[in-house]
Amino acid sequence: MKKLTAIGLFCFFALALSSCGKSSDSNKEEKKSDYAQAADVLKAVADSYTQEERFAMYGGDQEHAVMDEPGKFDISKQEEMEDVLGLPTELASGIEDAASMVHMMNGNMFTGAAYRLKSSTDKDHFAQTVKDTLSKKQWICGQPDIMTVIDVDGVYVITAYGEAQIMETFKKKAMFVFKDAKVFIEAPIV
């Protein structure tokens with residue numbers, strides 16, 4: 001009987017110890033978001049615009065463009081993401097989903113993108129690399145005034161650049177819609 005009790009206790013403690021190591025991993029849950037897709041993030045901002053604030057826009061990549069609203073951007077189109085959204089191709093491997101919202105008249109008036117970052121992606125490095133890339137970009141048809149990078153909920157990051165007044169409206173709307181949003185970077189484009 002003592003032998004059976006000792007074996008039972010040994011098994012119990014072995015199981016308990018193995019569970020302890022696993023519990024710390026299970027507590028490292030991936031961050032959750034209220035938004036299923038990057039396009040939902042930009043739609044939330046666009047939907048908060050008044051009629052007077054709203055501008056003619058399109059969303060998505062060239063192959064899947066949608067009119068008058070933000071749209072999903074195919075993340076396999078890395079060169080197009082860099083050309084249109086200003087996302088360096090080196091950062092593409094750190095994202096899981098993307099969406100865009102671009103001014104119909106001219107992308108330099110306003111271009112916004114939302115990215116769902118992989119949990120392993122360093123947000124500070126991501127933001128700084130986007131800033132550096134936009135600062136070095138050769139602009140055609142005018143130059144945007146300002147750029148910003150906003151952490152929405154620890155899962156999504158918004159990047160945007162454009163004319164100062166349109167950017168100010170966008171930033172105010174984003175900060176209103178996403179209560180815990182944090183501006184990583186805001187800088188003039190020179």
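Predicted model only: the values in this text are computed from it and were never measured.
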*By side chain to side chain donor-acceptor pair (under 3.5 Å), which residues pair with D145, not counting sequence neighbours?*
none
*Do the non-hydrogen side-chain atoms of I95 and L87 ever get within less than 4.5 Å of each other?*
yes
_Is there a path of hydrophobic side-chain contacts, each under 4.5 Å between heavy atoms, that joins V66 and M101?_
no
*Can you name the residues that form a ring pair (Phe, Tyr, Trp, His ring centres under 6.0 Å) with F73, not counting sequence neighbours?*
none
*Taking all atoms of both residues into account, what is the closest heavy-atom pair of M57 and A46, and its distance?*
CE-CB, 4.4 Å
*Taking all atoms of both residues into account, what is the closest heavy-atom pair of K137 and D83, and its distance?*
NZ-O, 2.9 Å
*Just by distance, with hydrogens left out, do D124 and Q128 show a side-chain donor and acceptor under 3.5 Å apart?*
no
*Enclosure of M67 CE (heavy-atom neighbours >12, cutoff 6.0 Å)*: yes
*Are the aromatic rings of F184 and F126 close, with centres under 6.0 Å apart?*
no
*Is there a donor-acceptor pair closer than 3.5 Å between any side-chain N or O of K118 and the backbone N or O of S93?*
yes
Side-chain polar contacts of residues 173-180 - donor-acceptor pairs under 3.5 angstrom, sequence neighbours left out - could you list them?
{"unit_1": "K173", "atom_1": "NZ", "unit_2": "S48", "atom_2": "O", "d": "3.2"}
{"unit_1": "K173", "atom_1": "NZ", "unit_2": "E53", "atom_2": "OE1", "d": "3.0"}
{"unit_1": "K179", "atom_1": "NZ", "unit_2": "F176", "atom_2": "O", "d": "2.9"}

*Check the surroundings of atom CD in E168: do more than 12 heavy atoms from other residues, nucleotides or ligands lie under 6.0 Å from it?*
yes
*Between A181 and I150, which heavy-atom pair has the shortest distance, and what is it?*
CB-CG2, 3.9 Å
_Residues forming a ring pair (Phe, Tyr, Trp, His ring centres under 6.0 Å) with Y58, sequence neighbours excluded_ = none
Name every donor-acceptor pair, under 3.5 Å, that has one atom in a side chain of residues 158-165 and the other anywhere in the protein, sequence neighbours excluded.
{"unit_1": "Y161", "atom_1": "OH", "unit_2": "V84", "atom_2": "O", "d": "2.9"}
{"unit_1": "E163", "atom_1": "OE1", "unit_2": "Q165", "atom_2": "N", "d": "3.2"}
{"unit_1": "E163", "atom_1": "OE1", "unit_2": "I166", "atom_2": "N", "d": "2.9"}
{"unit_1": "E163", "atom_1": "OE2", "unit_2": "Q165", "atom_2": "N", "d": "3.2"}

*asked:* My understanding is that only residues two or more places apart in sequence, or in another chain, count here; which of them pass ring pair (Phe, Tyr, Trp, His ring centres under 6.0 Å) with F170?
replied: F110
*Search all heavy atoms of M147 against all heavy atoms of V149 and return the closest pair with its distance.*
CE-CG2, 3.7 Å
_Just verifying a value: how many Å separate Q62 CD and S100 OG, rounded to the nearest 0.5 Å?_
10.5 Å
